[in-house]
Amino acid sequence: MADDTSKNANEPSVSKDFIRQKVDADLASGKYDGVVTRFPPEPNGYLHIGHTKAIALSFGLAKEYGGVTHLRFDDTNPLTEDTSYVESIEEDIRWLGYDWGDRLHYTSDYFEQLYDWAVKLIEKGVAYVCHLSDEEIREYRGTVKEAGVDSPYRDRSVEENLADFAKMRDGGYKDGEVTLRAKIDMSNANMKMRDPLMYRVRHAHHHNTGDKWCIYPMYDWAHGQSDAIEGITHSLCTLEFENNNELYRWFLEQLEVPTPPEQTEFARLGMTYTVMSKRKLLELVEKGLVGGWDDPRLPTISGLRRRGYTPTAIKTLIERTGIAKANSTVDMGMLEWAIREDLNYIAPRKMAVLHPLKVTITNYPEGQSEELEAINNPERAEDGTRMVPFSGELYLEREDFMEDPPRKFFRLAPGREVRLRYAFFITCNEAVKDDNGEVIELKCTYDPATRGGDAPDGRKVKATLHWVSANHAVDMEVRNYDRLFNVENPLEAQYKDDWLQTLNPDSLEVLTGVKGEPSLAEMKAGDNCQFERKGYFCMDQDSKPGAPVFNRTVTLRDSWAKIQKKGGKK
RNA sequence: UGGGGUGUCGCCAAGUGGUUAAGGCAGCGGUUUUUGGGGCCGCUAUACGAAGGUUCGAAUCCUUCCACCCCAACCA
């Protein structure tokens with residue numbers, strides 16, 4: 001008993017979300033024998049963190065119930081889709097740690113079957129070829145408050161429809177000239193049921209089927225049927241498809257699928273200070289407002305990866321925000337908490353001085369240097385230690401010195417003694433200034449007896465600072481990222497028309513001449529680390545040998561900044 | 001002629017007629033600390049969109065109302 005409690009002490013109290021409860025019920029009632037889910041991305045953009053919710057749900061659920069998950073590219077619109085997106089999507093899902101095995105499918109694999117089924121519906125008298133133009137179709141559809149009007153082509157004979165549909169497939173019609181529609185109910189309160197389109201004519205090259213087809217199925221006609229073909233049991237999608245559910249069931253019923261899949265909708269993930277729509281992300285990319293789909297400021301999987309986020313952190317966020325039906329916007333702070341939690345445990349510590357201030361240790365033997373032992377990760381003793389060079393010329397962080405410090409400032413100041421991490425206590429004797437009164441150098445003395453960071457006489461210091469030996473330092477570039485937008489929801493009505501005006505002009509700060517400890521030169525692109533006292537950083541792919549570039553993933557929590565803020569308010 | 005959904009702490013989110021209304025994030029105290037990090041301890045909704053009602057008992061049931069989201073692409 002006691003063991004159980006302690007073992008689960010750090011686990012969130014878990015209660016099953018409504019989808020898992022439904023699966024339990026479905027299995028208990030014998031509706032389904034097992035669980036088969038699918039993740040059905042359209043290859044027209046990069047995956048973002050919102051998709052991760054759907055991915056984690058579908059893959060995670062199946063795994064929990066001993067089932068499997070299919071990856072199915074929903075490639076029914078050749079105009080917007082492309083193979084390059086297929087590749088990035090596969091890479092991102094794999095990186096997140098999910099495996100679809102040999103269950104890789106394309107909706108286009110089913111075009112022939114879908115065509116045959118469409119013929120079946122025509123034969124049943126519940127589908128017809130319609131010669132109305134897109135404008136006319138819209139007019140005949142009515143509005144949410146008014147019933148629609150039947151198409152004049154609605155009651156043509158089965159033979160006529162069959163012949164016409166064959167002509168559609170054979171290229172006998174131009175784009176937009178005709179459609180195949182389901183014959184349902186033009187006055188249905190659910191707009192999706194007003195004789196929805198099943199096929200449209202598109203003389204376009206498809207990335208998978210080439211020029212084989214000139215008619216392409218619409219989402220509603222393709223999706224549920226593809227689910228049925230694959231034996232999907234639980235088809236999970238986001239809330240905006242709730243209205244499509246009735247149609248999803250209608251098609252399956254018409255086709256008399258023996259054990260039809262069921263669609264269940266959940267709320268998509270929204271996050272503050274960003275946008276999550278593929279259309280908006282595409283706009284940011286195409287207008288060059290960010291560096292590409294993998295810009296570290298973007299909520300895309302590839303952007304987060306480059307920023308230094310780990311699959312663990314992303315999945316932790318998804319787990320902790322849960323699955324429900326209420327539209328929600330999760331605070332970006334929760335994502336930051338998730339990555340800090342993971343990186344605190346796994347990221348090796350390093351010392352790097354972002355804004356260097358030169359320091360001369362006046363009583364340190366000139367030309368000499370020595371190596372000091374530093375702990376790689378205080379959270380994991382097994383990660384061991386490394387040696388860091390120390391000398392009489394160092395760099396300290398500019399903001400760690402104040403000539404005239406306020407009450408709560410513990411760091412270096414004239415006459416004050418502080419500890420250099422893993423090294424010595426130093427005391428500041430003089431601040432050298434330039435003609436403008438700017439402090440350009442500090443002259444300090446060190447206490448050789450404090451080697452390693454403890455004073456034999458037991459005296460204490462209030463601060464421990466990070467530092468880098470000047471002659472041993474690696475010159476680096478650091479990219480400090482901040483939120484992409486200045487407002488929580490850039491798409492809110494009040495900004496609607498020019499949401500781009502809410503972009504944060506300071507979302508990227510490039511620091512050059514950053515001084516890092518020598519071991520930083522050994523890191524590889526994609527490696528995470530913590531710059532002590534500053535934050536978590538990830539080596540960028542733009543790094544060159546001897547010229548590393550680091551992306552700031554997230555800062556450390558900073559209670560000094562809070563104190564300063566409070567003081568400022570007063 | 002409208003229909004479909006959703007409303008529980010600043011942000012997520014449990015709760016399924018009887019609980020002191022979980023938990024996480026954020027916040028606030030304290031403690032520990034060679035990262036002002038992290039850890040640990042504690043505090044933080046008499047209140048469940050609102051108003052009525054049913055009941056010994058309601059966030060949970062009923063009624064009415066309010067707010068927000070989705071649907072009128074040959075997008076998904």
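Below, read A as the first sequence line, B as the second, and so on, with proteins coming before strands; counting in each chain starts at 1. These numbers were taken from a predicted model, which means no experiment stands behind them. Only heavy atoms go into these numbers, but all of them, side chains included; no hydrogens, no water, no symmetry mates.
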Heavy atoms of other groups near Arg268(A) CZ, more than 12 under 6.0 Å
no

Please encode protein proximity along nucleotides 6-14 of chain B as a string of B, S and -, counting only heavy-atom distances under 4.0 Å.
S----BSSS

Readout for nucleotides 71-76 of chain B: B = base within 4.0 Å of protein heavy atom, S = sugar-phosphate only, - = neither; 5' to 3' it is BBSBSB

Is the shortest side-chain N to carboxylate O distance from Glu517(A) to Arg386(A) below 4.0 Å?
yes

Would you jot down, in residue-number order, the residues of residues 373-388 of chain A having a non-hydrogen atom under 4.0 Å from RNA chain B?
Pro378(A), Glu379(A)

Go through residues 336-354 of chain A and report each residue with a non-hydrogen atom lying under 4.0 Å from RNA chain B, sorted by number.
Trp337(A), Asn344(A), Arg349(A)

Just how far, in rounded Å, is [atom2] of [N] from [atom1] of [X]?
| X | N | atom1 | atom2 | value |
| --- | --- | --- | --- | --- |
| Lys462(A) | U35(B) | NZ | P | 15 Å |
| Arg249(A) | G4(B) | CZ | P | 12 Å |
| Glu532(A) | G37(B) | CD | P | 13 Å |
| Asn489(A) | C69(B) | CG | P | 11 Å |
| Leu412(A) | G36(B) | CG | P | 13 Å |
| Glu319(A) | C25(B) | CD | C1' | 15 Å |
| Leu239(A) | C68(B) | CG | C1' | 12 Å |
| His466(A) | U35(B) | NE2 | C1' | 9 Å |

Tell me which nucleotide, if any, is Watson-Crick or G-U wobble paired with [N] when both distances must be under 3.5 Å.
| N | value |
| --- | --- |
| C61(B) | G53(B) |
| G42(B) | C28(B) |
| U35(B) | none |

Apply side chain to side chain donor-acceptor pair (under 3.5 Å) to Thr555(A) and list each qualifying residue two or more places apart in sequence or on a separate chain.
none

Going through the checks in order, is the salt bridge (charged side-chain N to carboxylate O under 4.0 Å, His left out) test met by Arg451(A) and Glu370(A)?
CA-CA 11 Å; Arg451(A) 192 172 202 275; Glu370(A) 63 191 294; 2.7 Å; yes

Quick check, are the ring centers of Phe266(A) and Phe18(A) under 6.0 angstrom apart?
no

For Trp467(A) together with Tyr395(A), are the ring centres under 6.0 Å from each other?
no

Step by step, work out the side-chain contact (heavy atoms from CB on, under 4.5 Å) result for Glu488(A) and Thr329(A).
CA-CA 9 Å; Glu488(A) 286 198 4; Thr329(A) 305; 6.0 Å; no

Partners passing salt bridge (Lys or Arg N to Asp or Glu O under 4.0 Å) against Asp134(A) (at least two apart in sequence or in another chain)
none

Heavy-atom pair with the smallest gap, counting every atom of Ala463(A) and Phe410(A)
CB-O, 3.4 Å

State, to 0.1 Å, how close Asn188(A) and Arg194(A) come at their nearest heavy-atom pair, and which atoms those are.
O-NH1, 2.6 Å

At 4.0 Å (heavy atoms only), tell me whether Arg421(A) reaches a base, stays on the sugar-phosphate, or touches nothing.
base

Just to be sure I understand the rule, does Tyr216(A) reach a base, reach only the sugar-phosphate, or reach nothing, if contact means heavy atoms closer than 4.0 Å?
nothing

Side chain to side chain, Leu343(A) and Thr553(A), heavy atoms closer than 4.5 Å
yes

With rounding to whole Å, what would you report as the distance between C11(B) and A50(B) at their P atoms?
15 Å

How long is the gap from CG on Leu47(A) to NZ on Lys278(A), to the nearest 0.5 Å?
7.5 Å

